[in-house]
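Remember, it's a predicted structure, so these values are computed and weren't measured experimentally. The chains referred to below are lettered A, B, ... by the order of the sequence lines, with proteins before strands, and numbering in each begins at 1.
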Protein chains: 2
Amino acid sequence: MTRTKARGYHHGDLREALVASGRKLLEEKGIRGFTLRECARRAEVSHAAPAHHFASMDDLLAELVRRGFAELTAAMTAEVQRVEDEPAARLVGLGVGYMAFAAANPTLFQLMFSREANRIELKEGDEGAEGVRRLQAAVVDEVLAHASGELRQRAADFAWASMHGFITLVLEGEIGGRDSSRALKTRGLAALAAMAETVVRLARS
Amino acid sequence: MTRTKARGYHHGDLREALVASGRKLLEEKGIRGFTLRECARRAEVSHAAPAHHFASMDDLLAELVRRGFAELTAAMTAEVQRVEDEPAARLVGLGVGYMAFAAANPTLFQLMFSREANRIELKEGDEGAEGVRRLQAAVVDEVLAHASGELRQRAADFAWASMHGFITLVLEGEIGGRDSSRALKTRGLAALAAMAETVVRLARS
DNA sequence: GTTTAATCTTGACGATGGAAAGAGGCCAAA
DNA sequence: TTTGGCCTCTTTCCATCGTCAAGATTAAAC
């Protein structure tokens, strides 16, 4: 951000610049419109320069996905920590953080959850969505502390599935049409409330 | 399928051949590995031949998506009609048909629900997921016949979201890991049961 | 049977991802 | 401070891609 021009032969921090321009490009042009050469162009560097920082285009995409998961986990954590109320409300907060990230980074979010269809393989040691899963399981367990492992798994499955499905359908315009704005928030909160109630109900069965 | 070789200058039914090879290719190579030239190659036709049947590669992809939605609707309808039981069971059946199609056509399914991220625009008059929505709303209304419009919408949102989210996470390996086979069916049915129960409970509130 | 229109092929263009080889500059060891 | 090595970046090249234009071939219409 600070450096503007008058750089020498070396860029200085090309790796970060590529990540930044790549992320913007992804949202601008979509998954299939993403181009390594355009990333290089925006970083004001020759088209072959990225090769010294990323083995391939898919390698850069994998890095974007990796950082996306880290951010998503952070967003959920922040939102949960703001809620000191009962566990059910914390479950809703979890979903709010999840949906807020997805709404702010729609294309990246879709890429993060269509790695199979896009043949994007994470690097060894990359946790992927594991952080999300752990955080979610922890909050679900606040409600189902003394339940069986199977029940807790079912509740976690269900909680993740319903919030993931809702925001996905919203991003596609299947829920709420084109205006994914205010009218949507009420429907989203209603869906999260129904999800939380269901988890609570599972705890009582 | 019937014609094997010895075709003349004209193919006979290139449009259908491209749809067929395209669909296979999509599952084989993934969304970003999809190539118009490879489709043509598999149909044993020159690389420029598809242009006479599809204006562009995206046009062919849009056609695959269109047919996917038609098939998905048909699969759901067939599964629902097999269930004559109570509405809640029919709701589960709906989800079974949905998930069965997605499991059998994972890449196409992901493409159908990431059109925004992949910049795939349907043609004018193409209903997209409208058939799915209508069918789903009808079955949900069997449970919520005498409820308010807003409540029925919330229930429909929630039902679709939870079954869509579950199968999506399964296809990505986030639920059930690599073996999306038997152990998964029990978890999938559990999720669908929880969804149906929630809808029924909404009817009583 | 002739004309017309649709279908398919060939060839070309610009853009892409990637590989190879060389130029430029940083930095540590002398 | 000089020098040698290594990392970074550029240039050039290649195969492949989607798309376009022009011509060849055949089916269909008249």
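Separating the CG atom of B/Leu36 from the C1' atom of D/dG18 is a distance of 7 Å, rounded to the nearest angstrom. Distance B/Glu16 CD to C/dT7 P: 13 Å, rounded to the nearest Å. The distance between atom CG of B/Leu25 and atom P of D/dC17, rounded to the nearest whole Å, is 10 Å. Look at CZ on A/Arg15: it is 16 Å from C1' on D/dC9, rounded to the nearest Å. Atom CG of B/Leu14 and atom P of D/dT25 are 19 Å apart (whole Å). Atom-to-atom, CE of B/Met57 to P of D/dT19 comes out at 6 Å; the value is rounded to the nearest Å. Following rounding to the nearest Å, B/Phe54 (CZ) and D/dT19 (P) show an atom-to-atom distance of 13 Å. In this structure, CZ of A/Arg37 is placed 11 Å from C1' of C/dG14, rounded to the nearest angstrom.
Remark: the B/His11 side chain and the C/dC8 base include no donor-acceptor N/O pair separated by less than 3.5 Å. With hydrogens and angles ignored, a donor-acceptor pair closer than 3.5 Å exists between the side chain of A/His47 and the base of D/dT12.
Counting non-hydrogen atoms under 4.0 angstrom, B/Arg41 reaches the backbone sugars and phosphates but no base. Contacts of A/Ser46 with the nucleic acid, taken as non-hydrogen atoms under 4.0 Å apart, include base atoms.
The side-chain contact (heavy atoms from CB on, under 4.5 Å) test applied to A/Glu27 returns A/Asn105, A/Pro106, A/Thr107, A/Leu108, not counting sequence neighbours.
Side-chain contact of A/Thr198 with B/Thr198: a donor-acceptor pair under 3.5 Å is present, judged by distance alone.
Listed here is the closest heavy atom pair of B/Leu14 and B/His11: N-ND1, 3.1 Å.
Exactly one residue among B/Val140, B/Asp85, B/Val139 makes a side-chain contact (heavy atoms from CB on, under 4.5 Å) with B/Arg90. That residue is B/Val139.
Nearest nucleotide to the B/His52 side chain, out of C/dT9, D/dG18, C/dG17: C/dT9. With C/dG17, C/dG18, D/dG18 as the candidates, the nucleotide lying closest to the side chain of B/Thr35 is D/dG18. For B/Ala48, taking side-chain heavy atoms from C-beta onward, the closest of the listed nucleotides D/dG18, D/dC9, C/dG11 is C/dG11.
Taking 4.0 angstrom as the limit, A/His53 places none of its side-chain polar atoms (N or O) nearer than this to OP1 or OP2 of D/dC7.
Summarising the local packing, CZ of B/Arg41 is surrounded by more than 12 heavy atoms from other residues, nucleotides or ligands at distances under 6.0 Å.
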